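Comments concern the structure below.
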Amino acid sequence: MERREEIEAPGALPSRQDGRPSRPFRLSSYIVSLFRRKSFARGVHPDTHKSTAGKPIRRLPYAPRISLPLAQHIGKPAVPLVRPGEEVVRGQPIARADGFLSVPLHSPVTGRVEAIRLHPSASGAWVESIIIRAYDSSTQEVLWREPRDMEALAPEEILAAVKECGMVGLGGAAFPSHVKLSIPPERRIHTLVVNGCECEPYLTCDHRTMIEHPADLLRGIGYAMRAVGAQRAIIGVEDNKPDAVAVLTPLLPADGRVTIEMVRTKYPQGAEKMLIKSLLGLEVPAGGLPLDIGVVVNNVGTLTLLGRLLPAGEGLTERVVTVTGPAVKRPGNFWVPLGTPIRHVLQCSGALDGEAHAELEVVLGGSMMGQAITSLDAPVTKGVTGILVYDREWISRETATKVYPCIKCGECVQACPMGLNPALLGMLAAKRDYDSMSADYHIADCFECGCCTWVCPSGIPLVQQFRVAKGLLRARAA
Amino acid sequence: MTELRSAPHERLGVSVESIMLNVVLALLPIALFSIWLYGLSALALLITSVVVCLATERVFNRLSGQSSTLSDWSAMITGILLALVLPPSFPLWMTAVAAVVAMGLGKILFGGLGMNVFNPALVGRAFVQAAFPSAIATWVPSYAPNRFHEFIPTTLTQPLMIPPDITAWVKAVSADAFTGATPLAMWKFQHQLTAPEDLILGIATASVGETSAMLILVCGLYLALRGMLDWRIPVGMMGSAVILASAFHLYNPDFFPPPVFVLLSGGLMLGAMFMATDMATSPVTPLAVWTYAILIGVVTVLIRYFGGLSEGVMYAILFGNALAPLLDRSLPTRVFGRRKPWRVGS
């Protein structure tokens with residue numbers, strides 16, 4: 001195989017726009033790799049429901065009014081830079097970062113600031129938000145940009161640019177990207193892991209992004225590698241997305257510093273720690289971060305937008321959202337301006353046709369870790385990967401099962417990717433023995449993937465109990 | 001207001017009922033085969049055991065003010081399993097006693113489904129083993145010509161009465177020289193080995209359901225393939241028993257039987273497939289599961305070879321059940337990103 005490639009190589013390979021040679025996608029090597037697919041231990045195989053994987057990303061009509069929470073990220077809320085009544089253009093910074101662990105906000109529409117007031121958010125709480133009414137007649141082009149020469153920037157300047165564009169982890173965590181890419185001086189990063197697994201059922205936004213914007217992604221990978229000083233990057237993609245691998249493989253830079261690796265389709269393959277284990281065989285120490293073992297993980301969605309926004313000098317104003325689920329009549333992937341009310345997105349995709357709202361369950365994210373929302377007025381924020389809507393029929397089927405006592409079948413132990421003992425933890429939670437859960441059975445290591453609850457034949461809400469326990473323990477520690 | 005549920009919003013959809021129902025289905029062929037072998041008496045034994053088990057659970061539900069728990073099928077499993085480990089000639093009133101003890105003492109006293117420490121069917125069996133030592137050691141031949149027309153004389157013994165002597169009846173119905181001993185007892189006390197094919201096909205003297213090793217294997221395999229039976233337990237238990245038996249056999253082939261005899265005789269196969277694998281009474285962490293399985297296999301062989309009884313599976317499993325919670329706690333899982341899995345709190 002290697003030799004064939006050498007013979008074919010001179011001049012015969014398809015070249016990229018910049019003239020550098022690239023490697024073609026080979027079906028044979030793909031088939032061989034199927035039999036030695038990398039993965040982690042345990043985990044589960046839920047139905048993937050990726051019916052939107054073949055649907056190109058489209059745009060929605062602009063909502064007449066948007067609401068931008070000042071806290072769309074982990075960290076301190078942004079500080080408004082505009083006042084009610086002020087006109088803003090698309091791309092204009094409207095709130096600044098407050099400190100290191102914070103990011104600025106940019107106006108996703110051209111229009112007028114209506115108010116800065118409390119507005120419903122996805123969690124149910126009313127939060128301080130900037131309300132903007134979009135101009136009906138505006139073309140909604142990005143009118144605020146400062147293109148920059150990325151090649152000339154030093155790592156710190158790249159980090160400053162990342163912060164300036166308001167980027168957070170778009171895989172759902174919404175952790176400020178410039179913080180994640182800031183490496184303490186005593187650490188060395190050897191590998192940037194690019195997370196293209198998208199193991200959550202229903203979600204296909206990352207999948208479509210990889211297929212439709214591979215050049216942006218690779219550019220973003222380059223910036224992130226320079227920012228953290230990594231010598232190589234590995235794109236990890238679940239093996240149910242061979243088309244994404246086929247698109248990306250020929251575009252990989254010739255120096256071989258960026259590689260693409262298929263991992264087994266298994267939930268939660270896209271969890272940071274699991275993907276590092278699958279790709280590199282390394283375990284992030286309990287309570288530690290990937291950078292403790294020289295790795296930084298970034299989501300493909302985040303890096304793709306960095307690859308597009310940084311050279312253009314634009315802010316983050318929109319993201320790709322998968323809209324799907326049993327109740328959605330026209331599912332698909334959409335570029336959704338931040339702040340767009342979820343009601344508007346659902347109206348556009350036909351989820352609200354004819355059905356009473358009380359009959360629906362609206363979930364932000366996928367079916368395994370997504371969060372149900374209380375108000376359809378809540379906006380799409382930076383961390384929203386998907387909107388999943390269940391209808392009454394589906395909800396009744398899922399809630400019909402009776403809850404039995406734990407029969408100690410051990411299915412949860414065989415499912416937990418962290419190697420915890422959810423059966424025992426569940427019993428301790430029922431006894432409210434939170435101290436033992438944390439001291440003896442490491443409840444803090446649980447990242448709430450929900451595998452235990454997914455398999456439990458007794459229908460015990462294990463992960464819900466763990467969320468409560470972790471919350472109480474955190475509150476007690478604080 | 002929209003519907004609110006906590007993640008995960010979808011589930012695998014395998015419920016306790018479906019697992020238990022599948023265990024019942026897997027036990028049915030074994031029960032039917034035993035009826036074919038022993039006729040009316042086996043049928044009556046099965047019905048008595050199941051009905052009394054269900055009734056006991058229902059009565060206790062009523063007493064404790066619970067709604068009925070019969071729909072989870074677990075009482076049905078105990079009923080069938082209990083009948084399968086009793087001798088075919090066992091008097092029905094004693095079977096009823098065993099069933100009441102199995103459900104009451106073995107399961108409900110601990111708090112019902114999932115809470116019991118010991119396998120309920122084996123608790124019932126152990127009780128009658130101690131209470132009625134003679135009746136539980138009375139064996140009859142299979143394929144008796146009149147088995148579908150009349151009961152074995154002991155089956156219909158009046159409640160609280162001692163069963164009649166059936167030596168004459170056995171002599172009348174058995175074609176060849178029937179010794180009235182199980183293969184294990186024949187090896188232990190008379191030093192005679194039974195042919196492996198008789199053990200595989202189930203025509204050797206045994207309890208109602210401990211007959212055909214092959215049938216039990218197939219039924220267990222069905223559950224294992226459906227993911228409703230922990231394959232590690234039968235593999236560990238039978239594997240350790242065979243390895244230990246091989247070692248003994250190599251050490252003294254004249255005294256110790258070949259490992260295949262140990263594997264196929266008595267209750268090892270049924271115990272490994274359907275008793276030791278009882279979810280509530282077996283451990284959950286990987287190291288504990290293997291330890292539990294291997295321990296049961298070893299203790300079974302040791303009791304058979306060096307104990308006063310010819311069969312050791314029942315006590316070995318009860319011993320394993322008693323250790324299961326301890327094993328789970330002392331052999332915890334290795335948590336991702338941590339060391340020292342065997343020390344809690346480190």
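Keep in mind that this is a model prediction, so the values were computed, not measured. By convention in this document, chain letters (A, B, ...) are assigned in the order of the sequence lines, proteins followed by strands, and residues within each chain are numbered from 1.
- Contact of Y202(A) with chain B is made through the side chain alone, with heavy-atom distances under 4.5 Å.
- Under the 4.5 Å side-chain criterion, counting only non-hydrogen atoms from C-beta, V16(B) is not in contact with K402(A).
- Of the possible polar contacts, one joining the K408(A) side chain to the G114(B) backbone as a donor-acceptor pair under 3.5 Å is found.
- Separation of atoms CZ (R467(A)) and OG (S6(B)) is listed at 4.0 Å; rounding is to 0.5 Å.
- Put simply, the side chain of T285(B) reaches to within 4.5 Å of the side chain of N421(A), judged on heavy atoms.
- Taking the side chain as every heavy atom from C-beta outward, M115(B) and C406(A) never approach each other to under 4.5 Å.
- With hydrogens and angles ignored, the 3.5 Å screen pairs a side-chain donor or acceptor of E361(A) with a backbone N or O of R5(B).
- Within 6.0 Å of the CH2 atom in W73(B), the count of heavy atoms belonging to other residues, nucleotides or ligands does not exceed 12.
- Across V44(A), L388(A), I407(A), the residue that shares the most heavy-atom pairs under 4.5 angstrom with chain B is I407(A).
- The choice from S15(B), S18(B), P8(B) that makes the most heavy-atom pairs within less than 4.5 Å of chain A is P8(B).
- No donor-acceptor pair under 3.5 Å is formed between the side chain of E10(B) and the backbone N or O of E398(A).
- For Y434(A), the OH atom sits in a packed shell: over 12 heavy atoms of surrounding residues, nucleotides or ligands are nearer than 6.0 Å.
- Looking at heavy atoms from C-beta onward, V413(A) lies in side-chain contact with P286(B) at the 4.5 angstrom threshold.
- Put simply, the side chain of M368(A) does not reach to within 4.5 Å of the side chain of H9(B), judged on heavy atoms.
- Counting heavy-atom pairs closer than 4.5 Å to chain B, the top-ranked of the candidates L282(A), D47(A), V363(A), V463(A) is V363(A).
- With a 4.5 angstrom heavy-atom cutoff, P201(A) does not touch chain B via any of its atoms.
- E283(A) has a carboxylate O that lies under 4.0 Å from a charged side-chain N of R334(B), or vice versa, which qualifies the two as a salt bridge.
- Annotation for R397(A): atom CZ counts as buried by contact number, over 12 foreign heavy atoms lying within 6.0 Å.
- Contacts of D278(B) with chain A are absent, with no heavy-atom separation under 4.5 Å from either backbone or side chain.
- Here the CZ atom belonging to F336(B) is positioned 4.5 Å from the CE atom belonging to M274(A), to the nearest 0.5 angstrom.
- In this structure, no portion of E448(A) lies under 4.5 Å from any heavy atom of chain B.
- No other option in T281(B), V289(B), N116(B), D72(B) has as many heavy-atom pairs under 4.5 Å with chain A as D72(B).
- For the atom pair OG of S74(B) and OH of Y404(A), the computed distance is 9.0 Å after rounding to the nearest 0.5 Å.
- Interface residue I19(B): only side-chain heavy atoms are found under 4.5 Å from chain A.
- When every heavy atom of A7(B) is checked against every heavy atom of G370(A), the shortest pair comes out as CB-O, 3.3 Å.
- No other option in C409(A), P405(A), A423(A) has as many heavy-atom pairs under 4.5 Å with chain B as C409(A).
- The shortest distance between side-chain heavy atoms of P457(A) and E17(B) does not fall below 4.5 Å.
- At least one donor-acceptor pair under 3.5 Å links the side chain of T333(B) to the backbone N or O of G419(A).
- In this structure, chain B has no heavy atom under 4.5 Å from any part of S436(A).
- A 6.0 Å sphere centred on CD of Q66(B) holds more than 12 heavy atoms belonging to other residues, nucleotides or ligands.
- In this structure, chain B has a heavy atom under 4.5 Å from the side chain of Y390(A), while its backbone stays farther away.
- Residues L424(A) and D328(B) form no side-chain contact, since every pair of their non-hydrogen atoms from C-beta on lies 4.5 Å or further apart.
- Between the CZ atom in R11(B) and the SG atom in C456(A) there is a gap of 6.5 Å [rounded to 0.5 Å].
- The pair D445(A)-R338(B) counts as a salt bridge, with a side-chain nitrogen and a carboxylate oxygen less than 4.0 angstrom apart.
- Interface remark: M369(A) contributes backbone atoms only to the contact with chain B (heavy atom separation under 4.5 Å).
- Identified under the side-chain hydrogen bond (donor to acceptor under 3.5 Å, both in side chains) test for residues 117-127 of chain B, with sequence neighbours left out: R125(B)-Q129(B).
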